[in-house]
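Comments concern the structure below.
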Amino acid sequence: MRFSASVITGSGRGKGMGTPTLNLDLADVPGDLKEGIYACKVIINNAIYDAAMHYGPRPVHKDTASCEVHLLDETMSDAPAMIAVEIAAYLRPVQDFPSEAALIAQINDDIAKARGILETYVAPSEKTDS
C-alpha cells in the first residue's frame, strides 16, 4: 500500500524519546489501514528513506490516535510539507506499556525489525526494468 500525506506539527514527544518522527495528517491516511507498527519506505522530494511507522492510539501517553514515521539513520532539520509512504510490512499491533522506558525499548526493537525487512525490500517505486 502506498499513500501520500501532509506533514503536521506534532508534540515533539518522539524527539524527546530519541526517535523523532514526522507526524501525518490522519485525514490523508487510508481508511482501511490496520492500526499498528510498520516497516516502510518514505519518499521525500524523490529521495527514498527507510522508516518505521506507528498508526493508531498512543496508550502509554493516554493520547489520541496518530500516524507518524521515524526515518532510520536520517535527521531532517526542516519537516517537508508532504511525503509518500510505501508500506513494506506489518510488524505488530499497537500495545500499551507500563512505562515510557518500556515503550522506548519496544520502539528500538521495532526499528531493528524494520531494518531487517527493509534491507532486502525493494519498493515498487525503486524497481527498474533490466
*Do R2 and E86 meet the salt-bridge criterion of a basic N to acidic O distance under 4.0 Å?*
yes

_Side-chain heavy atoms under 4.5 Å apart, restricted to Ile/Leu/Val/Met/Phe/Trp/Tyr: what other residues fall into the cluster of M76, or is it alone?_
M1, F3, V7, L22, L24, L26, V29, L33, Y38, V42, I44, Y49, M53, Y55, V69, L71, I83, V85, I87, Y90

*Mind checking the CG-CG spacing from N108 to L103? Nearest 0.5 Å is all I need.*
9.5 Å

_Minimum heavy-atom separation for P57 and E35, please, with both atom names._
CD-OE1, 3.4 Å

*asked:* Has H54 got a side-chain atom pairing as donor or acceptor with C67's backbone, closer than 3.5 angstrom?
replied: no

*Using a side-chain heavy atom cutoff under 4.5 Å and only I, L, V, M, F, W and Y, what cluster partners does V94 have?*
none

_Spatial distance of atom CD1 (I43) from atom OG (S4) [nearest 0.5 Å]_ = 8.0 Å

*For the residue pair A52 and I111, what are the closest heavy atoms and their distance?*
CB-CG1, 4.4 Å

*Closest heavy-atom pair and its distance - L118, A51*: CD1-O, 3.5 Å

*Check for a donor-acceptor pair, side chain of R92 on one end and backbone N or O of I37 on the other, with a separation under 3.5 Å.*
no

*In Å and rounded to the nearest 0.5 Å, what is the OG to CD distance from S11 to E68?*
7.5 Å

_N23 CG to S6 OG distance, which is reported to the nearest 0.5 Å_ = 12.5 Å

*If you measure from CG on D63 to CZ on R13, what distance do you get to the nearest 0.5 Å?*
4.5 Å

*Check each of D73, D110, D50 against R115 using the salt bridge (Lys or Arg N to Asp or Glu O under 4.0 Å) test, and report the only one that passes.*
D73

*From D25 CG over to M82 CE, what is the distance, rounded to the nearest 0.5 angstrom?*
9.0 Å

*asked:* Going by the rule side-chain hydrogen bond (donor to acceptor under 3.5 Å, both in side chains), which residues pair with T75 if we only count those two or more places apart in sequence or in a different chain?
replied: none

*asked:* How close do S99 and A102 get, counting heavy atoms only, and between which atoms?
replied: OG-N, 3.1 Å

